[in-house]
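Have a look at the structure below, then the notes.
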Amino acid sequence: MTNMTTVIAQGTFDLLHPGHVHYLTDAAERGDELHVIIARRGNVTHKAKPILPDRQRRDMVAALDCVDEAHLGHPEDIFVPIEEIQPDVIMLGYDQHHDADGIREALASRGIDCAVERASAREPKYEGELLSTGRIVDRILEERGE
Ligand SMILES: Cc1cc2nc3c(=O)[nH]c(=O)nc-3n(C[C@H](O)[C@H](O)[C@H](O)COP(=O)(O)O)c2cc1C
Ligand SMILES: Nc1ncnc2c1ncn2[C@@H]1O[C@H](COP(=O)(O)OP(=O)(O)OP(=O)(O)O)[C@@H](O)[C@H]1O
């Protein structure tokens, strides 16, 4: 049995855009199986809450070709899905606010042997391309707002 490399990626993934596709493609190319953990609404505290329901955000990520499985994250403990999936690599997004060393320490303290890496950024390919959920919402408010 050849050793499969299992990769975890994670995020809010509210309104999907090419930046998300870039991140998840990067993560998928890092191994053989990509599992994506979708942040629950209650755990999104570092920015505006997602617009779309948890389940809808999971379903959309699951529909992407490069994703093998998408999981709604645990409500309280981010290490529950990690211990279930047993990843070889956790791929952080290029701008994710997590402290990679802090995650490395937490994994080591749980005896989980897993690398923590960071994906690259996707720059806009043309004028007006929207690569951020926040900017998509801003554009909606500009165009459709009262
Ligand atoms: C290794 C890892 C595991 C995570 N597991 C969970 C989880 O189980 N439940 C959850 O709601 N969020 C989980 N998250 C997501 C974080 O809670 C956070 O909301 C998310 O990383 C925010 O990313 P974004 O705002 O850049 O999309 C996890 C994040 C990381 C880095
Ligand atoms: N332009 C991009 N290039 C590469 N990765 C991206 C890009 N935009 C988002 N990501 C990654 O996708 C993951 C999920 O991002 P998130 O759900 O926070 O969307 P977002 O568009 O970054 O939201 P916001 O811009 O409102 O903070 C994060 O790890 C983030 O680093």
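Indexing begins at 1, ligand by ligand and atom by atom, following the structure's order.
Looking at Ser120 against ligand 2, only its backbone comes within 4.0 Å, counting heavy atoms. Residue contacts with ligand 1 for Val80 are absent, since no atom lies close enough (heavy atoms, distance under 4.0 Å). Only the side chain of Gln10 comes within 4.0 Å of ligand 1, counting heavy atoms alone; its backbone N, CA, C and O stay farther away. Under 4.0 Å from ligand 2, the heavy atoms of His17 that appear belong solely to its side chain. At a 4.0 Å heavy-atom cut-off, ligand 1 touches Ala39 through backbone and side chain alike. At a heavy-atom cutoff of 4.0 Å, ligand 1 is contacted by both the backbone and the side chain of Ile78.
Residue Asn43 approaches ligand 1 through these ligand atoms, each under 4.0 Å from one of its heavy atoms: 9 (N), 10 (C), 11 (O), 19 (O). In summary, the atoms of ligand 1 found under 4.0 Å from a heavy atom of Gly11, numbered by their order in the structure, are 23 (O), 27 (O). Applying the 4.0 Å criterion to heavy atoms of Leu131 picks out, from ligand 2, the atoms 1 (N), 8 (N). Applying the 4.0 Å criterion to heavy atoms of Gly93 picks out, from ligand 2, the atoms 29 (O), 31 (O). Residue Asp95 approaches ligand 2 through these ligand atoms, each under 4.0 Å from one of its heavy atoms: 30 (C), 31 (O). Using a 4.0 Å cut-off to heavy atoms of Pro81, the atoms of ligand 1 that qualify are 8 (O). Taking a cut-off of under 4.0 Å to the non-hydrogen atoms of Gly73, the atoms of ligand 1 that pass are 7 (C), 8 (O), 9 (N), 10 (C). Atom numbering of ligand 2 starts at 1 in the shown order; those under 4.0 Å from a heavy atom of Thr12 are 17 (O). Residue-ligand proximity, Leu92 to ligand 1, at heavy-atom distances under 4.0 Å covers atoms 31 (C). Listed by number with element, the atoms of ligand 1 under 4.0 Å from a non-hydrogen atom of Lys47 are 24 (P), 25 (O), 27 (O). Heavy-atom proximity to Phe13, at under 4.0 Å, picks out these atoms of ligand 2: 14 (C), 17 (O). Listed by atom number, the atoms of ligand 2 under 4.0 Å from Gly134 heavy atoms are 24 (P), 25 (O), 26 (O).
No continuous path of ILVMFWY side-chain contacts below 4.5 Å connects Ile38 to Val80, so the two sit in separate hydrophobic clusters. In the hydrophobic clustering of this structure, Leu92 groups with Ile78; members are Ile, Leu, Val, Met, Phe, Trp, Tyr whose side-chain heavy atoms approach within less than 4.5 Å, directly or through other members.
For the pair Met91 and Asp26, the tightest heavy-atom approach, listed with the atom from each and the gap, is CE-O, 4.2 Å. Of all heavy-atom pairs spanning Leu107 and Cys114, the tightest one is CD1-O, 3.8 Å. Residues Ile103 and His98 come closest through the heavy atom pair CD1-CB, 3.7 Å. Among all heavy-atom pairs drawn from Leu24 and Ala9, the shortest one is CD2-CB, 3.7 Å. Summarising the geometry of Val44 relative to Ala48, their closest heavy-atom pair is CG1-O, 3.9 Å, with the distance given to 0.1 Å. Of all the heavy atoms in His22 and Ala121, the pair that sits closest is NE2-O, 3.6 Å.
In this structure, Arg118 forms no cation-pi arrangement with Tyr94, as its terminal cationic atom is not both closer than 6.0 Å to the ring centre and no more than 45° off the ring axis.
Counting only heavy atoms of the protein, atom 27 (O) of ligand 1 lies nearest to Thr12 N, 2.7 Å. In this structure, atom 8 (O) of ligand 1 lies nearest to the protein heavy atom His74 N, 2.8 Å. Scanning the protein heavy atoms around atom 14 (C) of ligand 2, the nearest turns out to be His20 CD2, 3.6 Å. Considering only non-hydrogen protein atoms, atom 13 (C) of ligand 2 sits nearest to Tyr23 CD2, 3.5 Å. Considering only non-hydrogen protein atoms, atom 23 (O) of ligand 1 sits nearest to Gln96 NE2, 3.1 Å. For atom 1 (N) of ligand 2, the closest non-hydrogen atom of the protein is Arg122 O, 3.3 Å. Nearest to atom 20 (C) of ligand 1 among the protein's heavy atoms is His98 NE2, 3.7 Å. Annotation: atom 1 (C) of ligand 1 to nearest protein heavy atom, Ile82 CD1, 3.5 Å. Taking atom 5 (N) of ligand 2 as the reference point, the nearest protein heavy-atom neighbour is Tyr94 CD2, 3.2 Å. Atom 25 (O) of ligand 2 has as its closest protein heavy atom Ser132 OG, 2.8 Å.
Rounding to the nearest 0.5 Å places CG of Asp14 at 7.5 Å from NZ of Lys47. The CD1 atom of Ile37 lies 7.0 Å from the CD1 atom of Ile90; values are rounded to the nearest 0.5 Å. The CD atom of Gln86 sits 6.0 Å away from the CD1 atom of Ile112 when rounded to the nearest 0.5 Å. Atom CE in Met60 sits 7.5 Å away from atom CG in Leu64 (nearest 0.5 Å). Taking OG1 of Thr6 as the reference point, atom CD1 of Ile85 lies at 9.0 Å (rounded to 0.5 Å). Taken to the nearest 0.5 Å, the CG atom of Asp68 stands 9.0 Å off from the CG atom of Asp32.
Residue-ligand proximity: Gly93 is placed with every non-hydrogen atom at 4.0 Å or more from ligand 1. Between His71 and ligand 1 there is no heavy-atom distance shorter than 4.0 Å. For the ligand labelled ligand 2, residue Pro50 lies outside the 4.0 Å heavy-atom shell.
The closest side-chain heavy-atom distance from Asp88 to Val7 is not below 4.5 Å. A heavy-atom distance below 4.5 Å is not found between the side chains of Val36 and Ile8.
In terms of polar-atom proximity, His97 is not counted as a contact of ligand 1, lacking any N or O under 3.5 Å from an N or O of the ligand. For ligand 1, the polar-atom distance check against Arg40 finds a nitrogen or oxygen pair separated by under 3.5 Å. Considering backbone and side-chain N/O atoms, His46 comes within less than 3.5 Å of an N/O atom of ligand 1.
Side-chain N or O atoms of Gln96 include one that pairs as donor or acceptor with a backbone N or O of Gly93 at under 3.5 Å. No side-chain donor-acceptor contact under 3.5 Å links Arg41 to the backbone of Leu52.
Checked options Glu129, His20, His17; the residue passing with Arg122 is Glu129 (criterion: side-chain hydrogen bond (donor to acceptor under 3.5 Å, both in side chains)).
When Glu123, Lys47, Gln96 are checked for heavy-atom proximity to atom 29 (O) of ligand 2, Gln96 turns out nearest.
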